[in-house]
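Input: a single structure, listed below in structure tokens.
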Amino acid sequence: MNKGLRYAMRGTGYGAVAYLVMMMIKPSYAATSLPAIGSLLLMSAVIGLISMIFETERLNFLTALGIHFVGTLLLVVGRQVYVDGEQFPIVGFLVAYILIYVVVWAVVALNQHLRVTEINRAIVKRHKNKA
């Protein structure tokens with residue numbers, strides 16, 4: 001499968017789950033429109049594509065993280081303006097954005113750790129079977 005498509009699908013999955021969690025926390029998010037859902041899926045896919053920046057060798061991790069953070073913020077603000085207009089509390093929005101960003105990063109890190117651990121166990125098992 002194309003690498004870009006994989007990243008877009010992964011981003012869409014994380015975005016959808018994050019939105020469902022937001023609906024649990026604030027039920028008013030459940031009353032949403034088709035354009036709001038479509039824009040969420042599109043935004044999440046683009047955020048997934050932006051995540052490809054972490055594969056480049058030319059940027060250190062903190063630079064890539066900063067670019068990803070700002071790019072994601074711009075997409076989220078753009079979607080917010082598209083869906084709700086320009087009326088939203090900036091401080092509350094930024095606090096929620098940072099909290100969600102950190103939680104999603106923690107989930108991504110845990111997922112990567114679990115995948116690497118599983119791969120390492122398979123390698124150790126393969127080496128033991130050869131010996």
Do the side chains of [X] and [Y] join up, straight or via other hydrophobic residues, at under 4.5 Å, putting them in one cluster?
X: Leu41; Y: Met9; answer: no
X: Tyr19; Y: Ile98; answer: yes
X: Ile47; Y: Met22; answer: yes

Quick check: closest heavy atoms across [X] and [Y], and the distance to 0.1 Å?
X: Met52; Y: Gly4; value: SD-CA, 3.9 Å
X: Pro35; Y: Tyr82; value: CB-OH, 3.6 Å
X: Gly15; Y: Ser44; value: CA-OG, 3.2 Å
X: Ser39; Y: Arg79; value: OG-NE, 3.2 Å

CD1 (Ile25) with more than 12 external heavy atoms under 6.0 Å: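 Yes, enclosed.
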Heavy atoms from other residues, nucleotides or ligands near CG of Leu34 exceed 12 (cutoff 6.0 Å):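 Open: at most 12 neighbouring heavy atoms sit under 6.0 Å from CG of Leu34.
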Drop me the distance from [X]'s [atom1] to [Y]'s [atom2], to the nearest 0.5 angstrom.
X: Leu73; Y: Leu94; atom1: CG; atom2: CG; result: 6.5 Å
X: Leu42; Y: Ile37; atom1: CG; atom2: CD1; result: 14.0 Å
X: Leu20; Y: Met24; atom1: CG; atom2: CE; result: 9.0 Å

Tell me, please, which residues at least two apart from [X] pass side-chain hydrogen bond (donor to acceptor under 3.5 Å, both in side chains).
X: Arg10; answer: none
X: Thr63; answer: Asn60
X: Asn120; answer: none
X: Thr12; answer: none

Contacts of type salt bridge (charged side-chain N to carboxylate O under 4.0 Å, His left out), residue Glu55, not counting sequence neighbours: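 Expected list: Lys3.
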Single hit among Leu62, Ile53, Thr72 for side-chain contact (heavy atoms from CB on, under 4.5 Å) with Ile67: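 Per the side-chain contact (heavy atoms from CB on, under 4.5 Å) rule, the option paired with Ile67 is Ile53, out of Leu62, Ile53, Thr72.
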Show me the donor-acceptor pairs, under 3.5 Å and distance only, between side chains in residues 99-112 and residues at least two apart or in other chains.
from	atom 1	to	atom 2	distance (Å)
Tyr101	OH	His68	ND1	2.6
Tyr101	OH	Phe69	N	3.4
Tyr101	OH	Trp105	NE1	3.1
Asn111	ND2	Tyr14	OH	3.4

Validation row: Leu65, Phe54 side chains within 4.5 angstrom (heavy atoms):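 Heavy-atom side-chain distance check passes, below 4.5 Å.
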Worked verdict on Met43 versus Leu40 for side chain to side chain contact (heavy atoms under 4.5 Å, CB included): CA-CA 5 Å; Met43 176 195 71; Leu40 172 79; 3.8 Å; yes
